[in-house]
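Being a predicted model, the structure only gives us computed values, none of them experimental. FYI, the numbering just counts along the sequence from 1.
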Amino acid sequence: MKKYLAGCLSLVAVTLASNAVAQNATTTPVGAVTVSLPATSATTITYHSIPLYAEAVFTGKPTSVGLDTLSFSGGSWSLNQFSSIPASFVVRVLSGEQAGRVLHVVSNTADSLNVSITDRSSQSTGLTTLGFSITTNDTIEIVPCDTLASIFGDGTSENPLALAGATSSFLADTVAIYNRVSGKWDAYFFSTQNGQGFWRTQSNSTNRNALYIYPDDAISITRRSGRPATSLTITGRVPTIAPLLKAMPNAGYATTLAVPIEATLGSLNLSGAWNPGTNVFTADTIGLLEQASGKFLGHFQLANGQWRLNSTQSDASSTIIPAGSVLFIRERSSSLTGRDSFNTF
């Protein structure tokens, strides 16, 4: 990450809070993101991200590291307390080669964590990958996930709905999260059918209130005609290190920068997974949403670091990526491994 974007992250974090990393430390939220939803005269789709983290419930260094496990001395956790519904947790790596990586907790014992190493992709990258490993000198933290219910409400008086529910997804407002493995948007609505009162998909009646949402998840919100203006305010911590996000070789996918700040294309410092080129057909591209058309316009990077929009010749490096934007990325590499299978923006 170039100093410009890294410096902005540090400035945001310092402005909102000054936290010391401590074993088992918890503090109050340090920032807020507001998602504005205007009144609708027709069915309307908007795109958003939730680029904040909850307070850590544990911070420390592992005593040993395996392919997909992290062990600690003196642990006293309950069996699967970090993976049992409705709880859902992630590990954030705060230092070392994998700093910025976020790993979902699959299970835990009293003193160890088993984590998913797919990074929501079809490829696994182990914690002990040669030249790109987590070590016993690295600091990690365990963080509760945001969920559909925690962000958009569960219909109770303590946590009212932020969007309109209904008996089907064709009548309700919906929240869709981009699924990178399937390459599709998974849509959820708050069902009032037969008194259900929970989030689900149209085709599956399973309660999805506890579906976890990552800070880099691309989210689209569809609101039906006649909805009043409203807004969501999400509190949490601002990341102080650049997020490490999994690349998706030979694929197009929706994602976000996972940080709550405005940036420019020229401020991005993309990793070895990224391929510059001479046009949008051979280079990796970042699609930025054009509000007027509702389309994602592809931008590519030349070998000299300058950015272009489509095939135009003017330098687009100063183009702004608004805070919380959803991006549509197209990557053309074949399968990559280790550090080169991730992007740092």
Side-chain angles (χ1 to χ4, degrees), residues 31-38 40 43-54 88 90 102 104 119-121 143-154 159-165 169 172-191 198-202 204 208-224 227 229-239 243 245-246 248 251-263 286-291 294-296 321-329 343 345:
V33 169
T34 299
V35 176
S36 298
L37 299 171
T40 61
T43 296
T44 303
I45 301 175
T46 54
Y47 296 91
H48 310 275
S49 67
I50 311 296
L52 296 174
Y53 291 91
S88 189
V90 292
V102 177
H104 191 252
D119 299 272
R120 292 165 294 152
S121 75
V143 183
C145 292
D146 285 315
T147 65
L148 274 176
S150 70
I151 294 174
F152 298 103
D154 62 9
N159 187 19
L161 287 179
L163 303 172
S169 63
D173 296 341
T174 61
V175 176
I177 302 170
Y178 192 83
N179 185 321
R180 299 180 194 183
V181 174
S182 68
K184 299 177 181 178
W185 292 89
D186 293 335
Y188 304 88
F189 73 103
F190 190 85
S191 174
F198 53 75
W199 291 90
R200 53 165 289 186
T201 67
Q202 179 63 32
N204 191 319
R208 301 310 303 272
N209 280 6
L211 179 74
Y212 47 86
I213 297 175
Y214 289 86
D216 64 312
D217 269 334
I219 300 170
S220 71
I221 297 176
T222 300
R223 302 179 76 218
R224 307 302 172 187
R227 305 299 195 220
T230 188
S231 63
L232 303 173
T233 300
I234 297 96
T235 59
R237 292 181 302 152
V238 177
L245 308 178
K246 188 71 171 179
M248 299 289 287
Y253 60 99
T255 188
T256 78
L257 295 183
V259 293
I261 61 171
E262 181 181 277
I286 293 180
L288 302 181
L289 180 65
E290 183 183 57
Q291 294 293 343
K295 297 179 180 179
F296 288 89
I321 306 171
S325 293
V326 166
L327 314 175
F328 194 86
I329 291 179
N343 285 315
F345 291 104

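- L289 approaches F296 most closely through the heavy-atom pair N-CD2, 3.7 Å.
- Between F189 and F198, the distance separating the two ring centers is not shorter than 6.0 angstrom.
- Between H104 atom NE2 and S88 atom OG the span is 3.0 Å, to the nearest 0.5 Å.
- Residue L37 comes nearest to L163 through the heavy atom pair CD1-CD2, 3.8 Å, listed as atom of the first residue, atom of the second, then distance.
- Considering every non-hydrogen atom in both S49 and T256, the closest pair reads CB-CG2, 3.3 Å.
- Although no hydrogens or angles enter the test, the distance criterion places a donor-acceptor pair under 3.5 Å between the side chain of T40 and the main chain of R224.
- Taking all atoms of both residues into account, the shortest heavy-atom contact from G165 to A172 is C-CB, 3.9 Å.
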Salt bridge (charged side-chain N to carboxylate O under 4.0 Å, His left out) between D173 and R227: does it pass, once the steps are laid out? CA-CA 9 Å; D173 296 341; R227 305 299 195 220; 2.8 Å; yes
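- Looking at K246 and D216, no side-chain N of the basic residue comes within less than 4.0 Å of a carboxylate O on the acidic one, giving no salt bridge.
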Trace of the side-chain contact (heavy atoms from CB on, under 4.5 Å) decision for T255 with Y214: CA-CA 10 Å; T255 188; Y214 289 86; over 6 Å; no
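- In terms of modelled atom types and a separation under 3.5 Å, the side chain of N159 and the main chain of A149 share a donor-acceptor contact.
- Between the R237 side chain and the P239 main chain, no donor and acceptor come within less than 3.5 Å of each other.
- The closest side-chain heavy-atom distance from S325 to Y47 is not below 4.5 Å.
- Of the listed residues (V35, T34, I50, V33), just one forms a side chain to side chain contact (heavy atoms under 4.5 Å, CB included) with L232, and that residue is V35.
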Before you tell me yes or no, could you show the steps for L257 and I321 under side-chain contact (heavy atoms from CB on, under 4.5 Å), namely the whole-Å CA-CA distance, both residues' side-chain angles and the distance that decides it to 0.1 Å? CA-CA 9 Å; L257 295 183; I321 306 171; 4.1 Å; yes
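- Using a 4.5 Å cut-off on side-chain heavy atoms (C-beta onward), I219 and I213 make contact.
- Of the possible polar contacts, one joining the W199 side chain to the G153 backbone as a donor-acceptor pair under 3.5 Å is found.
- Between the side chain of Y178 and the backbone N or O of G183 there is at least one donor-acceptor pair closer than 3.5 Å.
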Carefully, step by step, assess S220 and H48 under the rule side chain to side chain donor-acceptor pair (under 3.5 Å). CA-CA 6 Å; S220 71; H48 310 275; over 6 Å; no
Begin from the C-alpha positions of N179 and D186 and carry the test side chain to side chain donor-acceptor pair (under 3.5 Å) through to its verdict. CA-CA 6 Å; N179 185 321; D186 293 335; 3.0 Å; yes
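- Listed here is the closest heavy atom pair of L52 and T235: CD1-C, 3.9 Å.
- Taking every heavy atom of both residues into account, A187 and T201 meet most closely at O-CG2, 3.6 Å.
- In this structure, T222 contributes its side chain and T174 its backbone to no donor-acceptor pair below 3.5 Å.
- Between S121 and R180, the closest side-chain pair of non-hydrogen atoms is not below 4.5 Å.
- E290 places no side-chain N or O within donor-acceptor distance of the main-chain N or O of K295, the cut-off being under 3.5 Å.
- Considering CD1 of I177 and CZ of R208, their distance stands at 9.0 Å, rounded to 0.5 Å.
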Show your working on side-chain contact (heavy atoms from CB on, under 4.5 Å) between L148 and V175 and close with a plain yes or no. CA-CA 8 Å; L148 274 176; V175 176; 4.0 Å; yes
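- Taking CG of D146 as the start and OH of Y212 as the end, the distance is 13.5 Å to the nearest 0.5 Å.
- The main-chain N or O of L245 is never found under 3.5 Å from a side-chain atom of N343 such that the two would form a donor-acceptor pair.
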